[in-house]
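To start, the structure under review is shown below, and the notes come after it.
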Amino acid sequence: MEYILLLVVGFLAGTIGSLVGLGGGIIIVPALLFLSTAHVLPAISPQMAVGTSLVVIIFNGLSSTLTYMKHKMVDYKSGLFFFIGSGPGAMLGAWVNQHVHMQYFSLYFGLFLIAVSFLLMFQSRFSPRATRTFHIMRTYVTNEGEEVTYGYNPFIATLIAFIVGFVGGFFGIGGGSLMVPAMMLLFLFPPHVAVATSMFIVFLSSIVSSLTHVFIGNVAWTFAFALIPGVWVGAKCGAWLNRRLKGKTVVTLLRIVLILLGVRLIVQGLGW
C-alpha cells in the first residue's frame, strides 16, 4: 500500500513539475512530511525529505528534458550557462539546510512559494525594450506563431542562477520554482522555453545538490525507489501537456500551483 501511494505521489509530482518547470520537489517534500506526520509512512525528517526529493528530481528532470529535446524546446547553451551559477548555489543550499530550525521549515517554504506566485503578476509589465541591456540574445517562435526575442546579461544571469541553485538545494525543489519566473520576468524567456530549459537545469542542479545529501546520509532510499517510476512517467505526461497549452495558460497554472502549495505549507508550519 505504501509503495502504491508513493507511486501516485511520484506521478503527480512528475506531471505537475514537468508541466510548469518546477521539478516536482514542491509536491514530494510536503507530501513526504505530511504522510509521515499522519503516520501513513514511517517517520522522516525535513532534511531526509529534501535529500530524497532531490534524488528523485534527477529522474524527473532527465525524463522531461528528453521529451522536450525531441521538440527543440530546450535552450541548452543558456541552460549550461545558468548551471555555472546554480551548481555551487545548490551545494551551499544543501549545507545550510542542516542548520534551519525544524519548527519553521514548512512556514519558510510556503512563504517562499507564495512570494514567487505574486511576482508572476507583474510579468506583463516587463517591456521588450529590456532586451537592450542583454548581451546574449535568442529568438523563439511560440505555439501561437509569434516570434519572441529574449536574452540575458551574463553577470546578472550568473548571480540569479546562484540564488536559484541555493534555494533549490535548501528547499529540495531543484530551483525551478524561482528559475522559471526569473527567466520570464528578468530575461523575457517565452513560458514554454523557460519551462523546458528549467527542467534541464533542474536535472543538472539536482545531481549536484543530491550528492551533498547522499554524502551526509539524508536520503530515504526505500522511498526514493518507490517514487522514481511514477516521477519518470509523470514527467513525460507533463511535458506532453505543456506542448499543447498556450503560454498564458502555463503561467496561470504555475501561479495556482505555487499559491495552493504555499498556503498548505504555511498552515502546516503554524500547526493549525
**Message:** Run Val250 and Met184 through side-chain contact (heavy atoms from CB on, under 4.5 Å) and show every step you take.
**Reply:** CA-CA 12 Å; Val250 173; Met184 292 190 292; over 6 Å; no

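- For the residue pair Met73 and Ala196, the shortest heavy atom distance occurs at O-CB, 3.4 Å.
- The closest side-chain heavy-atom distance from Leu35 to Leu5 is below 4.5 Å.
- Cluster membership check: Met179 shares its hydrophobic cluster with Leu80, using side-chain heavy-atom separations under 4.5 Å among Ile, Leu, Val, Met, Phe, Trp and Tyr.
- At least one side-chain heavy atom of Arg138 sits under 4.5 Å from a side-chain heavy atom of Ser78.
- Residues Leu7 and Phe11 are not in side-chain contact: their nearest non-hydrogen atoms beyond the backbone lie 4.5 Å or more apart.
- Closest heavy-atom contact between Met199 and Gly17: SD-O, 3.6 Å.
- The two residues Thr158 and Pro154 have their closest heavy-atom pair at OG1-O, 2.8 Å.
- Distance CG/Leu92 to CZ/Phe166: 5.0 Å, rounded to 0.5 Å.
- Between the side chains of Tyr150 and Asp75, at least one donor N or O sits under 3.5 Å from an acceptor N or O.
- Using a distance-only test at 3.5 Å, with no hydrogens or angles considered, no donor-acceptor pair links the side chain of Ser53 to the main chain of Ala49.
- Going from atom OG of Ser36 over to atom CG of Leu32 covers 8.5 Å, rounded to the nearest 0.5 Å.
- Between the side chains of His71 and Arg243, a donor-acceptor pair is found at a separation under 3.5 Å.
- The closest side-chain heavy-atom distance from Asn153 to Phe187 is not below 4.5 Å.
- The distance between the ring centers of Phe81 and Tyr152 falls below 6.0 angstrom.
- By the criterion of side-chain heavy atoms lying less than 4.5 angstrom apart, applied directly or through intervening Ile, Leu, Val, Met, Phe, Trp or Tyr residues, Val40 is grouped together with Ile28 in one hydrophobic cluster.
- For Arg255, there are no salt bridge (charged side-chain N to carboxylate O under 4.0 Å, His left out) partners at least two apart in sequence or on another chain.
- Under the 3.5 Å distance criterion, the side-chain polar atoms of Ser210 are matched with a main-chain donor or acceptor of Ile207.
- Pairing each heavy atom of Leu33 with each of Pro46, the nearest pair is CD2-CA, 3.7 Å.
- Contact of the Val195 side chain with the Phe189 side chain is not registered, since no non-hydrogen atoms from C-beta on lie closer than 4.5 Å.
- By the 4.5 Å heavy-atom criterion applied to side chains, Thr67 and Trp240 are not counted as neighbours.
- In this view, Tyr76 and Phe200 satisfy the ring-ring contact (aromatic ring centres under 6.0 Å, His included) rule, not counting sequence neighbours.
- Residues Leu253 and Val193 fall within the same hydrophobic cluster, defined by Ile, Leu, Val, Met, Phe, Trp and Tyr side chains chained together at heavy-atom separations under 4.5 Å.
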**CA sep, side-chain torsions, deciding dist, call: Phe162, Phe82, ring-ring contact (aromatic ring centres under 6.0 Å, His included)** = CA-CA 8 Å; Phe162 179 84; Phe82 283 120; over 10 Å; no

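- Expressed to the nearest 0.5 Å, how far CD1 of Ile57 lies from CG of Leu62 amounts to 13.5 Å.
- Counting only heavy atoms from C-beta outward, the side chains of Val180 and Thr197 never approach each other to under 4.5 Å.
- Clustering ILVMFWY residues whenever any of their side-chain heavy atoms sit less than 4.5 angstrom apart, transitively, puts Val74 in the very cluster that holds Leu241.
- Linking Ile, Leu, Val, Met, Phe, Trp and Tyr whenever their side-chain heavy atoms come within less than 4.5 Å puts Met69 and Phe59 in one cluster.
- Two residues are said to be in side-chain contact when any heavy atoms from C-beta on lie closer than 4.5 Å; Leu245 and Leu19 meet this criterion.
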In residues 214-232, what donor-acceptor pairs under 3.5 Å come from side-chain atoms, sequence neighbours left out?
residue, atom, partner, partner atom, Å
Asn218, ND2, Gln98, OE1, 3.3

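- Nearest heavy-atom pair, Tyr140 versus Pro190, reported as atom, atom and distance to 0.1 Å: CD2-CG, 3.8 Å.
- Interatomic distance, Leu254 CG to Ile16 CD1, rounded to the nearest 0.5 Å: 11.5 Å.
- For the pair Ser18 and Ala239, the tightest heavy-atom approach, listed with the atom from each and the gap, is OG-N, 3.3 Å.
- The closest donor-acceptor contact from the side chain of Ser117 to the backbone of Ile259 lies at 3.5 Å or more, if one exists at all.
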